[in-house]
There are 2 protein chains.
Amino acid sequence: MALSYNIVENNQAIIERARERVIETISQNMHLYGVTPSIGRLYGTLFFNDEPMTLDEMKEALQMSKTSMSTSVRTLMDLNMVEKVWVKGVRKDLYAAKKDWYQIFFDFFTNQWAKVIQINTKAIHQSMKELEDLLSNENGLTDEQRAQIQLDIEKLRYTDAYYRWLEKLISTFENKAIFDFVNREQER
Amino acid sequence: MALSYNIVENNQAIIERARERVIETISQNMHLYGVTPSIGRLYGTLFFNDEPMTLDEMKEALQMSKTSMSTSVRTLMDLNMVEKVWVKGVRKDLYAAKKDWYQIFFDFFTNQWAKVIQINTKAIHQSMKELEDLLSNENGLTDEQRAQIQLDIEKLRYTDAYYRWLEKLISTFENKAIFDFVNREQER
DNA sequence: ATGTTTGTACAGTATAAACTGTACGTAAAA
DNA sequence: TTTTACGTACAGTTTATACTGTACAAACAT
């Protein structure tokens with residue numbers, strides 16, 4: 001016996017609503033990865049879509065311009081959250097959500113955070129060097145200046161040590177050693 | 001013999017420049033904590049200022065409005081990056097940068113990330129429940145729908161497990177156990 | 001080759017966020 | 001109590017960012 005159209009339709013709505021709820025919360029909370037709700041929504045949509053999507057399909061699904069889809073998907077690729085999928089015979093570009101959230105988390109640190117660490121470290125070293133040079137080469141310093149420089153150098157050394165520690169932490173993400181310390185349990 | 005005014009002044013400029021470089025890089029990279037460059041600059045200024053500052057001093061230092069200083073400093077307090085300092089006899093509110101960057105890092109996760117985890121988890125559980133109910137109670141499901149629901153539930157279980165893992169990781173930040181795994185070395 | 005289709009650069013527009021100035025409630029000082 | 005000073009709510013302005021539509025280059029099809 002064929003199922004009633006209404007029941008099928010209604011069940012479909014329930015499924016849809018369950019998906020949409022999660023997609024929407026993800027989208028609202030992806031600012032932690034530095035992306036807008038729109039981009040988060042796109043990721044969520046791709047995550048639940050079992051087939052890779054074309055830009056036109058995304059445009060259709062989110063009711064947005066194709067240009068936006070293009071730039072958004074690029075942002076998601078930069079974050080290693082989405083990958084291009086090649087299917088022979090299909091002309092349009094296809095994109096799929098990467099589904100390994102642990103890896104996404106790790107990649108965010110090994111990419112975004114590591115970049116910042118590198119930039120900040122460079123500035124810190126440069127300033128540290130200038131201050132140390134000033135302290136050792138220059139004798140035209142007031143006592144107050146000398147004390148000031150000492151304090152600043154101490155602060156810079158502290159932040160430098162912090163970044164070294166952060167690098168170590170991130171490397172345990174990168175090589176997955178963190179799982180030895182915080183176990184990844186079986187999903188029930 | 002008194003030091004030449006020019007030399008003292010010039011040295012002061014070098015010190016200032018060394019500070020500014022670091023403050024500026026910090027400000028440009030604090031987006032990882034979800035704050036604007038302006039707010040980052042304020043934190044940097046407070047970090048290098050050895051005395052707590054009033055809103056008027058901040059306004060003066062950054063050449064911005066007092067209102068901005070007020071809201072910015074509030075944001076920094078929400079992030080546990082700045083604290084109010086009480087000095088008897090001083091009428092104006094005084095604020096100082098918290099200097100423990102490890103703690104700031106940890107607090108960011110125990111506050112911001114944990115909040116997101118909680119919200120997302122709630123949505124995931126809700127949707128998971130709805131789908132499981134649909135699967136067990138409803139017999140008006142097409143085979144295709146049944147398969148679809150199964151897939152979605154699997155995905156939700158996976159993300160749930162991920163968030164459980166993330167909570168465990170964050171708790172090692174909170175209780176500092178992470179230092180047992182990633183050692184905090186002495187700054188030379 | 002010629003004609004289509006696809007993705008994106010670019011410029012322009014809409015929307016959101018940051019920032020300012022005033023005005024006011026609150027608390028300290030007179 | 002009156003006066004003065006401080007911090008922030010609020011409305012308005014400016015600036016930045018997200019988003020759109022068009023136009024074009026590159027790749028594919030014919």
Side-chain angles (χ1 to χ4, degrees), chain A residues 23-24 26-46 51-79 81-97 112, chain B residues 23-24 26-46 51-79 81-97 112:
Chain A
I23 290 174
E24 199 53 32
I26 287 174
S27 106
Q28 292 301 325
N29 295 120
M30 280 244 299
H31 62 267
L32 290 177
Y33 285 111
V35 302
T36 61
S38 290
I39 295 177
R41 203 168 294 118
L42 176 58
Y43 175 80
T45 304
L46 286 164
E51 297 297 318
M53 295 175 80
T54 66
L55 291 179
D56 285 311
E57 286 168 346
M58 299 175 204
K59 165 191 157 132
E60 186 60 30
L62 303 187
Q63 291 294 314
M64 289 180 72
S65 71
K66 196 174 175 182
T67 308
S68 280
M69 298 302 95
S70 177
T71 58
S72 295
V73 95
R74 179 191 283 261
T75 301
L76 289 170
M77 297 229 308
D78 289 346
L79 285 166
M81 291 179 181
V82 158
E83 61 189 344
K84 211 170 202 164
V85 176
W86 292 99
V87 176
K88 62 171 181 181
V90 176
R91 185 162 166 191
K92 298 186 181 188
D93 291 356
L94 288 166
Y95 300 92
Q112 314 301 309
Chain B
I23 290 174
E24 199 53 32
I26 287 174
S27 105
Q28 293 300 325
N29 294 120
M30 280 245 298
H31 63 268
L32 289 177
Y33 284 111
V35 302
T36 60
S38 289
I39 295 177
R41 203 169 294 117
L42 177 58
Y43 176 81
T45 304
L46 286 164
E51 297 298 318
M53 294 174 79
T54 66
L55 292 178
D56 285 311
E57 286 169 347
M58 298 175 203
K59 164 192 159 130
E60 186 60 28
L62 303 187
Q63 291 294 316
M64 289 179 73
S65 72
K66 197 174 173 181
T67 307
S68 280
M69 296 303 93
S70 178
T71 57
S72 295
V73 96
R74 180 192 283 262
T75 302
L76 288 171
M77 297 229 309
D78 288 346
L79 286 166
M81 291 180 182
V82 158
E83 61 190 344
K84 212 170 200 163
V85 176
W86 293 99
V87 176
K88 61 172 180 179
V90 176
R91 187 164 165 188
K92 298 185 180 184
D93 291 356
L94 288 167
Y95 299 93
Q112 315 300 308

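FYI, side chains are in, hydrogens and waters are out, and symmetry mates aren't considered; it's all heavy atoms of this structure. Numbered from 1 within each chain, the chains take letters A, B, ... in sequence-line order.
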(request) Starting from the C-alpha separation in whole Å, work towards a yes-or-no answer on side chain to side chain contact (heavy atoms under 4.5 Å, CB included) for B:M81 and B:L46. (result) CA-CA 10 Å; B:M81 291 180 182; B:L46 286 164; over 6 Å; no
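- Put simply, the side chain of A:D93 does not reach to within 4.5 Å of the side chain of A:L55, judged on heavy atoms.
- Taking atom NE2 of residue A:H31 and atom C1' of nucleotide D:dT17, one finds them 17 Å apart after rounding to whole Å.
- Side-chain contact between A:M77 and A:Y95 is present, with heavy atoms from C-beta onward closer than 4.5 Å.
- Inter-residue side-chain proximity for A:N29 and A:H31 is flagged as met; some heavy-atom pair is nearer than 4.5 Å.
- Base engagement by A:S68 is indicated by at least one non-hydrogen atom pair under 4.0 Å involving a base atom.
- Judged by distance alone, with hydrogens and angles left aside, the side-chain atoms of B:T45 form a donor-acceptor pair with the main-chain N or O of B:R41 at under 3.5 Å.
- In terms of phosphate contacts, B:R74 brings a side-chain nitrogen or oxygen within less than 4.0 Å of OP1 or OP2 of D:dA9.
- Of the side-chain N and O atoms in B:T71, none sit less than 4.0 angstrom from OP1 or OP2 of C:dA18.
- Looking at the side chain of A:R91, the nearest of the listed nucleotides C:dA27, D:dA18, C:dT5 is C:dT5.
- With A:S72 contributing its side chain and A:M69 its backbone, the two residues share no donor-acceptor pair below 3.5 Å.
- Between B:I39 atom CD1 and C:dA18 atom P the separation is 7 Å, expressed in whole Å.
- Of the residues in residues 56-67 of chain B, those lying under 4.0 Å from DNA chain C by heavy-atom distance are B:M64, B:S65, B:T67.
- Across the protein-nucleic acid pair, B:M69 atom CE and D:dC6 atom C1' stand 16 Å apart, rounded to whole Å.
- Between B:K92 atom NZ and D:dT8 atom P there is a gap of 13 Å when expressed in whole angstrom units.
- Here the nucleotide nearest the side chain of A:T36, chosen from D:dC6, C:dA18, D:dC19, is D:dC19.
- Computed from coordinates, the B:L94 CG to D:dA5 C1' distance equals 15 Å when rounded to whole Å.
- In this entry the distance linking CG of B:L76 with C1' of C:dA18 reads 15 Å, nearest Å.
- Atom P of nucleotide C:dG7 and atom CG of A:L55 are separated by 5 Å, given to the nearest angstrom.
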(request) Give the C-alpha distance, both sets of side-chain angles, the deciding distance and a yes or no for side chain to side chain contact (heavy atoms under 4.5 Å, CB included) between B:Q112 and B:L79. (result) CA-CA 8 Å; B:Q112 315 300 308; B:L79 286 166; 3.8 Å; yes
